[in-house]
K.L.:
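Let me begin by handing over the structure; questions about it come next.
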Amino acid sequence: MFARLALTAIAVAGLSQASVTAADANIPQQPTFNKHVAPLIFEHCAACHRPGEVAPFSLLTYRDVQKRARQIQGVTSKRLMPPWKAVAGHGDFQGARRLSENEIALLARWAETGAAEGDPKDLPAQPKFTDGWQLGQPDLIVKLAKPFDVPAEGPDIYRNFVLPIEVPAGKYLRAAEYRPGNRRVVHHAVLAIDPTGAARQRDNGSGFTQFAVPGQLFPGSMAAWVPGREARPLPEGFSMPWRKGADLVLQLHLHPSGKPETEMSAVGLYFTDKPPVRTMLDVVLIDRKIDIPAGEKAYRTRDTLTLPADSEVHAIFPHMHLIGKDVKVTAKLPDGGVKPLLWIDDWDFKWQNYYEYAAPVKLPKGTQLVLECVHDNSAENPANPSMPPKRVTWGEQTNDEMSTAILQIVPQNETDATALAQGLGLRIVGRISAGDKGGTGSVTIAALAAAIKDPPQLIRLLDKDGDGKLSKEELAEIPGAAERAADIIAKFDANKDGKLDANELMEALKAARKR
Ligand code: HEC
């Protein structure tokens, strides 16, 4: 932290000069806390900098802020705070927590002119925060079986808890709200579904440690919680069918606070009677060919895909691990135009976000999506977990790397939805399907990859009606298999009952592998 502040001081010396001149005309000569600074801090900082929240100190009173005026000038000018990584001009996002150049210059001027308090009459009321459920009383609340102990010191912990849930017949999920018990230690949370029962076998009641999420992510923004984020229900027209017997898996990224702590998380689930009437596809851009030599400073990865139908992008979730540095997603339109979708130029694994566009981004059929990532595996990268650096390859563990972005795409009609589903095949890692009244709603590559070597597990993953075999419809859930499902059954259904059992599926998989 201190090293970072020293850097900050250097940056401030150069930066505040430039920004203060540019924004000069708009900033008062003598800003005061009550009139100018408090409204800004309350809006952009207080969500995390208040008692019991993730930040290590409060920023609610003049004293709190005044004694850190210089430090605040430093971290804001370097854009370390507030943590919002998306570069302005590359996507216009809901809840963007980014300070303008003017606001940064104002905080600098306030610090440089003695951090005056000002007239008490100017002080706005402190912001109000809901301590209870933001979306109201949930229909079902699930909690950890028992509090989890987080030690005072040590590395961050990725802990997976299996929470069996029972969704009544005829009900669908319309929202899931995550609530940490102890915000000092929960850095982020991921909600996933495990329809296979595999995670349940590993959780003896106090969770198990694993960096890779053991399940399929919840669709859309329900998948991820980060501090300061507001809970949001699925958009109008969407809900999520829950398969009987599937488990909710909660992954917590826990950060020791310096004191022994305990964590008791809860998830509130909200139901509706309405099945989904619209389709939503989580589409992945991914480059798995990662092999970064030790010491390599700017290792580039890239992926592209072309949209087979008109699409609306509602959100984007970029993902790399610790030594990711830069991630950019661009849409190249068929008419030659270019739309920037997202750019993060100082990736920080700790501050990931599910970025939702303020308005959906419309992309015509034929648009090419381009993902470009840069990893820094040099010794100068303070986030490098290996010193001296080691060769790094693709994988799901902390010291492996990834280059991915998931785009939440909402087709405007079912013809486009079908064209996208067929054309994108394995690119689809999550899905809500219009009219889906049961089943998993989505099958991910990760879940398939884990199950594909084990036909009984693959059957459990896809078998909606629980008869232990795969029908044509169930087989069609495998991304890319929809058009071939009938042929596959015709060819491998040895006992001619119209479905594939584990032995028949084994033969089909063997044949597929040979091709
Ligand atoms: C999303 C939550 C969040 C928001 C919003 C936020 N902070 Fe922070 N802040 C943190 C956390 C957590 C830390 C502890 C250091 C870390 O984990 O990076 C921190 C640390 C700091 C530090 C100490 C930095 C250091 O290097 O020791 C300062 C100063 C600070 N924040 C100021 C601000 C200001 C000013 C704002 C608003 C303009 C703000 N923060 C908004 C979460 C937040």
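For clarity, every value in this text was computed on a predicted model and none was experimentally measured. One-based numbering, in listed order, for ligands and for the atoms of each. In this chain, residues are counted from 1 in sequence order.
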K.L.:
Over 60° means perpendicular and under 30° means parallel, so classify the ring planes of F317 and H319, tilted if in between.
P.N.:
parallel
K.L.:
Heavy-atom pairs closer than 4.0 Å: do any link ligand 1 to the side chain of R68, the backbone, both, or neither?
P.N.:
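Neither part.
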K.L.:
For ligand 1, which atoms, with element, lie under 4.0 Å from some heavy atom of H44?
P.N.:
5 (C), 37 (C), 41 (C)
K.L.:
Return yes or no for this condition: an N or O of H187 is under 3.5 Å from an N or O of ligand 1.
P.N.:
no
K.L.:
For K297, is the NZ atom crowded, meaning more than 12 foreign heavy atoms sit under 6.0 Å from it?
P.N.:
yes
K.L.:
Heavy-atom pairs closer than 4.0 Å: do any link ligand 1 to the side chain of P83, the backbone, both, or neither?
P.N.:
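Side chain only.
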K.L.:
Looking only at N, O or S atoms, find the one in H49 nearest to atom 8 (Fe) of ligand 1 and name it.
P.N.:
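Relative to atom 8 (Fe) of ligand 1, the closest nitrogen, oxygen or sulfur of H49 carries the name NE2.
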K.L.:
Which label fits F33 and F42: parallel for a plane angle under 30°, tilted from 30 to 60°, or perpendicular past 60°?
P.N.:
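Perpendicular: the ring planes of F33 and F42 meet at over 60°.
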K.L.:
Output yes when a side-chain donor or acceptor of Y355 lies under 3.5 Å from a complementary backbone atom of Q94, and no otherwise.
P.N.:
no
K.L.:
Quick check on contacts: which atoms of ligand 1 are under 4.0 angstrom from a heavy atom of P56?
P.N.:
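So the answer, numbered in order with elements, is 11 (C), 13 (C), 14 (C), 19 (C).
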K.L.:
Can you confirm whether or not the ring centre of H187 sits under 6.0 Å from the ring centre of W351?
P.N.:
yes
K.L.:
Under 4.0 angstrom from ligand 1, any heavy atom of E53?
P.N.:
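E53: no contact with ligand 1 (<4.0 Å).
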K.L.:
What are the atoms of ligand 1, with element, lying closer than 4.0 Å to any heavy atom of P82?
P.N.:
38 (C), 41 (C)
K.L.:
Just to be sure I'm reading this right: ignoring hydrogens, which of A55, A46, C48 gets closest to atom 4 (C) of ligand 1? Compare them by their nearest heavy atoms.
P.N.:
C48
K.L.:
Where the side chain of Q251 meets the backbone of F211, is there a donor-acceptor pair that is under 3.5 Å apart?
P.N.:
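Yes: the side chain of Q251 pairs with the backbone of F211.
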K.L.:
Which atoms of ligand 1 have any heavy atom of Q71 under 4.0 Å away?
P.N.:
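In order of numbering, the contacting atoms are 23 (C), 24 (C), 25 (C), 27 (O), 29 (C).
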K.L.:
Ring-plane angle category for F349 and H321, please: parallel below 30°, perpendicular beyond 60°, tilted otherwise.
P.N.:
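Perpendicular: the ring planes of F349 and H321 meet at over 60°.
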K.L.:
Heavy-atom contact under 4.0 Å between W351 and ligand 1?
P.N.:
yes
K.L.:
Relative to the heavy atoms of K350, which atoms of ligand 1 are at a distance of less than 4.0 Å?
P.N.:
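Once the distances to K350 are compared, the set is 16 (C), 17 (O), 18 (O).
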K.L.:
May I ask you to list the atoms of ligand 1 that are less than 4.0 angstrom from any heavy atom of P227?
P.N.:
1 (C)
K.L.:
For Q126 and R50, which I'm curious about, is there any donor-acceptor pair between the side chains at under 3.5 Å?
P.N.:
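No, no side-chain donor-acceptor contact under 3.5 Å.
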K.L.:
What do you reckon, are the aromatic ring centroids of H375 and Y299 less than 6.0 Å apart?
P.N.:
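Centroid distance H375-Y299: not below 6.0 Å, so no.
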